[in-house]
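Reading through the structure tokens given below for one structure.
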Amino acid sequence: MTNMKTGYVIAAAVAIALTGGAAQAAKTDIVIGLQLEPPHLDPTGAAAGAIDQVVYSNVFEGLTRFASDGSIIPGLAKSWEISDDGLSYIFHLNEGVTFHDGSAMDAEDVKFSLDRARAEDSTNAQKALFADIASVEAMDLATVKVTLSKQNGSFLFNMAWGDAVIVAPESIADIKTKPIGTGPFVLSNWVQGDRIELAKNPDYWGSAISLDKATFKFISDPTAAFAAVMAEDVNAFMAFPAPENLPQFDADPRFKVLVGSTEGETILAINNKLPPFDNVKIREAVAHAIDRQAIIDGAMFGYGTPIGTHFAPHNPAYIDLTALSAYDPEKSKALLAEAGFADGFTTTLKLPPPSYARRGGEIIASQLKAVGITVEISNLEWAQWLEQVFRGKDFGLSIVSHTEPMDIGIYGREDYYFQYGKPEFQALMAELNATTDPAERTSILQAAQTMISEDYVNAYLFQLANTGVANAKIEGLWANAPTQAVDLTGVSWTD
Amino acid sequence: MAVSDPSLSEPGLLRQVLRSRSLIIGVVLSALFIGAALVSYVWTPFDAETMNIPNKLKPPNLVHWFGTDHFGRDIFSMIMVGARTSIAVALIAVGIGMLLGVPLGLASAARRGSWLDELIMRGNDLVFAFPALLIAIMITAVFGPSAVNAIIAIGIFNIPVFARLTRGSALSLWTRDYVLSARVAGKGALRISVEHILPNITNLLIVQGTIQFSLGILAEAGLSYVGLGAQPPIPSWGRMLADSQTLITLAPHMALFPGFAILLTVLGLNLMGDGLRDLLDPRLRNARR
Amino acid sequence: MLRYTLKRLLSLSVSLLVASIIIFLAIEVVPGDPASYMLGINAQPDTIAALREELGLNVSAVERYVNWVSGMLTGNFGTSYTYRTPVVDMIGDRMWISLPLALYALLLSTLIAFPAGILAASKRGSVADTLVMGITQLGVAIPNFWFAMLMVLVFAINLRWFSAGGFPGWDGGFWLAVKALTLPAVSLALPQASILARVMRSALLDTLGEDFVRSARAKGLNRRQALWRHALRNAMIPVLTIIGLQFSFLLAGAIIIENVFFLPGLGRLVFQSISQRDLIVVESVVMLLVFAVVIVNFSVDIAYALVDPRLRRRS
């Protein structure tokens, strides 16, 4: 008991000393709220976006990286050369880079990391990113040559993903709880179920960072998140789960609201092989029955951009095809009658947990009811959704946001859950991969967008907005989310 | 009913009912919500499922008495229809508990000390030992969320309640003279249980049923609050509260009305249960004289 | 007494065995695969297979059951699929929130219920009695998550006396931790205190009506003296039973409250693990909770047998 008491006294004294010191200069610590806690901290071993949110560019870095506008900029590789045939990439690494355990990061580590990700027994969730790599060789300590088996116009983009970060061979055994990367922060403490604390890496190779300490606090409940921001328990909350609270934060001088773009195309997925959805007229009828603006207003409280195809509106190659599926209940009823379903039909709507799906689902159900389509809603957990909808293809309709960047290629997969996989589309994708000329790529991508939109594969709802809230005195947080990351390298307090 | 409890036929019963304030308040509150549920089948001010998004989050006014929710639905209508869900789930769950629990309790008492008694009682303990909400979550993980699964989850935990109560009171009745004489007359355990024991514990069962009913309403609210109860678009009080959470500072009426609906219904049923106990349990009444 | 204890001990072990089988079977039929959950929608089938292998999921159900039970007997609860840390450590961490929270709520509940119950019983029929009975009726009827929501609104968002939730950890300072647990403990304690106060009151009234108290009063003690000297002691048995039951309920039953206040306790661990299909964690925590309740029941039974006059007379 005496020991415990002394402990508290010391802790209190330290706390006083810390706060006293901080009052003089600008704050150098930050508490960031996130909705989901990562299951572990190995971005190369699971799909959870929550892992990237904590470690991407903070703890781990890759050869290339995303900038906040989604462009690809140098990471651990300071420059690269691509051969004329597009098959070999020579990366020149930054020098003097060390891992958090003090060992040097060199070409062998790069080779190890890429080979590990594409190996037979790899548990990398995005193994497809590495599928075109034929070999990786370390030419010298600071030079790596990657040879591809076929041209891949998005290889540099692939290398920027969190799943392609460079890891230290000796750290693999414990990487899930003791991540050893090259980034500006090291893991200092993880209280499971509550928070993760990062501390500044004093030996960081890159440009100086202004934060000494960053805490990620996990608050899954939207109400609790709201309360935590209001009570200033957190300094910022990224990907804030309740858009309805944002106007309130905006009106409060203590806070600022960050609104940006994400890569999340939110769609009403349709099971293309399940009758009557195998009839394009029925799918078109569904598309015309839906009032996107009502969904954006009702489910997202106005945050979100309507889309008419599976493509991010902020991408230069995007074309606006929303007119193809404009809200027109009369046309929808006519199409249903034409297809022989004048009296409508009944189908299922299976919804995963996020509120865009749960709320959007309720609104869509009432909109479809208006044209005569009865939907039975069932709310599923993610594990159930993966089992029933994604793998079992046991669904009529579902709502989900596809958050992977540039993922229109999924429409070429025949066994993908909405079961499109039209050969003409697959041909387009093959052409795309073989093309490096930017203008040609754009026109192929636009042809692909038009094809899926005209086939009414899914009903395209809106692009998810990236909404965050932060203390008004914090600068440098990403407004956009080109990948699920909370990049702290440029973050600072203004006073 | 040769040996039914004499208290019900006692003169002055009505006077006692009227004298019991809690019973009257309880009956009035319960009737209010059961009435609302019944009326909702034929009339609600608005359709409880129709959305009107431009008209969302309106505070209470003359058109929408309790205001509108985040989809512009009429909260008063939703509470009326929600009463249906709550009452149906809780009532069926109590029914399951009684239907299975009472026979188990009777059997256990009739075969006191036997392996059957031991089995039933240990089984009861075991069910009690499981954390109720976790079981509900697990049932939902297997079968998916629905009102039916909520009923099952709540119903399971009602079984041991009724089994214990029945066994306890049946045991004391087995020593009564009229039961002994029935045994001497050669009646079997089953017949005695049905003819002599059951009629004499009906009052107790009614009282306990009322209390379990109110607990069931609370449990249903909790389950649908965490998303394990009736699925949308069917309105339910618990889900209305869950929906209101993030809007509580913006539209407090969304949180207040369903909350008070639950509170008042449960309060009404509890008061009614207490009042009934005072009225029907002769032991308690005697003790107070 | 010894024979009775042995018999109860035997049935306790059988109960635990049956419970372990029920829990394991229930979890076996839960659809959903932890490996696919972890790898997400872009994963390739061979990657999922590799992960299943790594997690040890490709073993028969019987073998997994035997491993689980024999592991638990030696204190090894296995390794969490998602977190890859020993389940024992996870439970240990969470216990440091759930246990203090349960104790805190119980303490509050007792501190409120005892005086209220005694007051109501000693002044039966008075304004104070009516008030206590009325408030406790409300306390029993209020949904505790709703009460918690309202408290957050008032005390965290508007008044900012308390933080809205979360837990700073015990090493952050004792009073800070207690403060963080206060709103959750109050919302848990309110209904419990109401129940307990009512039990206290009726137990006191019952014993006040019993012969030995009557005779004490006949000997010249007034009502208040009779209450303090005799009735209170005898009313403790039902009251303690309720407290015992409430404790095990509080340990497991705080899931919803833990969610409202985002406290990383045991209940939320299970809730989260079910959705992540981290089944080994679910199994172990549920088993632990069942174990706790069974042990509490066992102790109550033994205590009853000890004080039961019939048993006492026999020895």
Side-chain angles (χ1 to χ4, degrees), chain B residues 21-22 25-26 29 118-119 121-123 125-144 211 214-215 217-219 221-223 225-226 237-238 241-242 244-245 248-249 252 255-256 258-260 262-271 274 284 286-288, chain C residues 11-12 14-16 18-19 22-23 26-27 29-32 130 133-134 137-138 140-147 149-150 152-153 157-158 191 198 202 205-206 209 245 248-249 251-256 259-260 267 270-271 274-275 277 282 285-286 289-294 296-298 301:
Chain B
R21 244 179 315 159
S22 66
I25 300 175
L29 280 177
E118 181 72 15
L119 189 72
M121 285 299 105
R122 293 299 138 238
D125 287 350
L126 202 60
V127 176
F128 264 136
F130 276 93
L133 189 58
L134 288 182
I135 300 305
I137 295 169
M138 255 153 60
I139 291 178
T140 310
V142 180
F143 301 106
I211 292 165
S214 80
L215 288 176
I217 297 221
L218 266 186
L223 286 180
Y225 170 75
V226 289
W237 293 346
L241 281 183
S244 79
Q245 280 212 74
I248 194 164
T249 51
L256 291 178
F260 278 116
I262 300 171
L263 175 65
L264 293 177
T265 311
V266 174
L267 184 68
L269 288 168
N270 281 343
L271 288 174
D274 283 0
L284 261 179
N286 291 338
R288 296 207 174 160
Chain C
S11 82
L12 174 133
V14 175
S15 295
L16 286 177
V18 174
I22 293 175
I23 292 169
I27 292 207
V29 295
V30 172
T130 318
M133 292 308 277
Q137 278 289 9
L138 280 176
V140 176
I142 200 167
N144 66 359
F145 54 91
W146 185 58
F147 183 59
M149 272 164 65
L150 298 180
V152 170
L153 179 68
I157 296 177
N158 287 338
R198 297 177 79 85
S202 58
L205 289 180
D206 275 358
L245 283 174
S248 45
F249 167 81
L251 206 52
I255 303 178
I256 293 182
N259 253 330
V260 173
V270 186
F271 198 79
I274 290 179
S275 72
R277 294 297 180 269
V282 182
V285 179
V286 175
L289 292 174
V290 171
F291 181 74
V293 177
V294 170
V296 169
N297 285 349
F298 171 76
D301 280 358

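In what follows, chains carry the letters A, B, and so on, assigned in the order in which the sequence lines appear, proteins first and then strands, with residues in each chain numbered from 1. Side-chain atoms are counted along with the backbone in the values below, which use heavy atoms only and exclude waters and symmetry mates.
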Any idea which heavy atoms bring C:Ala141 and B:Leu218 closest together, and the distance?
O-CD2, 3.7 Å
State the CG-CD distance between B:Asn270 and C:Gln137, to the nearest 0.5 angstrom.
5.5 Å
Is any side-chain heavy atom of C:Leu138 less than 4.5 Å from a side-chain heavy atom of B:Leu263?
yes
So does B:Ala255 get a backbone contact from the side chain of C:Trp146, meaning a donor-acceptor N/O pair under 3.5 Å?
yes
If you count the non-hydrogen atoms of other residues, nucleotides and ligands that lie under 6.0 Å from CZ in C:Phe291, is the total more than 12?
no
Any side-chain heavy-atom pair from B:Leu126 and C:Ile22 closer than 4.5 angstrom?
yes
In terms of heavy-atom proximity below 4.5 Å to chain C, should B:Leu215 be classed as side chain, backbone, both, or neither?
neither
Chain B heavy atoms under 4.5 Å from C:Val290: which part of the residue, side chain, backbone, both or neither?
both
Which answer fits B:Ile217, side chain, backbone, both or neither, if we ask what part of it has an atom under 4.5 Å from a heavy atom of chain C?
neither
Is it the side chain or the backbone of B:Phe130 that comes within 4.5 Å of chain C heavy atoms, both, or neither?
both
Should B:Arg122 and C:Val14 count as side-chain neighbours, where that means a heavy-atom distance under 4.5 Å?
no
Structural part of B:Leu241 lying under 4.5 Å from a heavy atom of chain C
both
Engaged part of C:Val140 at the chain B interface, taking heavy atoms whose separation is under 4.5 Å
both
Are side-chain heavy atoms of B:Ser244 and C:Met149 found at a separation under 4.5 Å?
yes
dist B:Ile248:CD1 -> C:Leu150:CG (nearest 0.5 Å) comes out at 5.5 Å
Hey, mind stepping through C:Phe298 and B:Asp125 against side chain to side chain contact (heavy atoms under 4.5 Å, CB included) and telling me if it holds?
CA-CA 10 Å; C:Phe298 171 76; B:Asp125 287 350; over 6 Å; no
Please classify the contact of C:Ile142 with chain B as side chain, backbone, both or neither, using a heavy-atom distance under 4.5 Å.
both
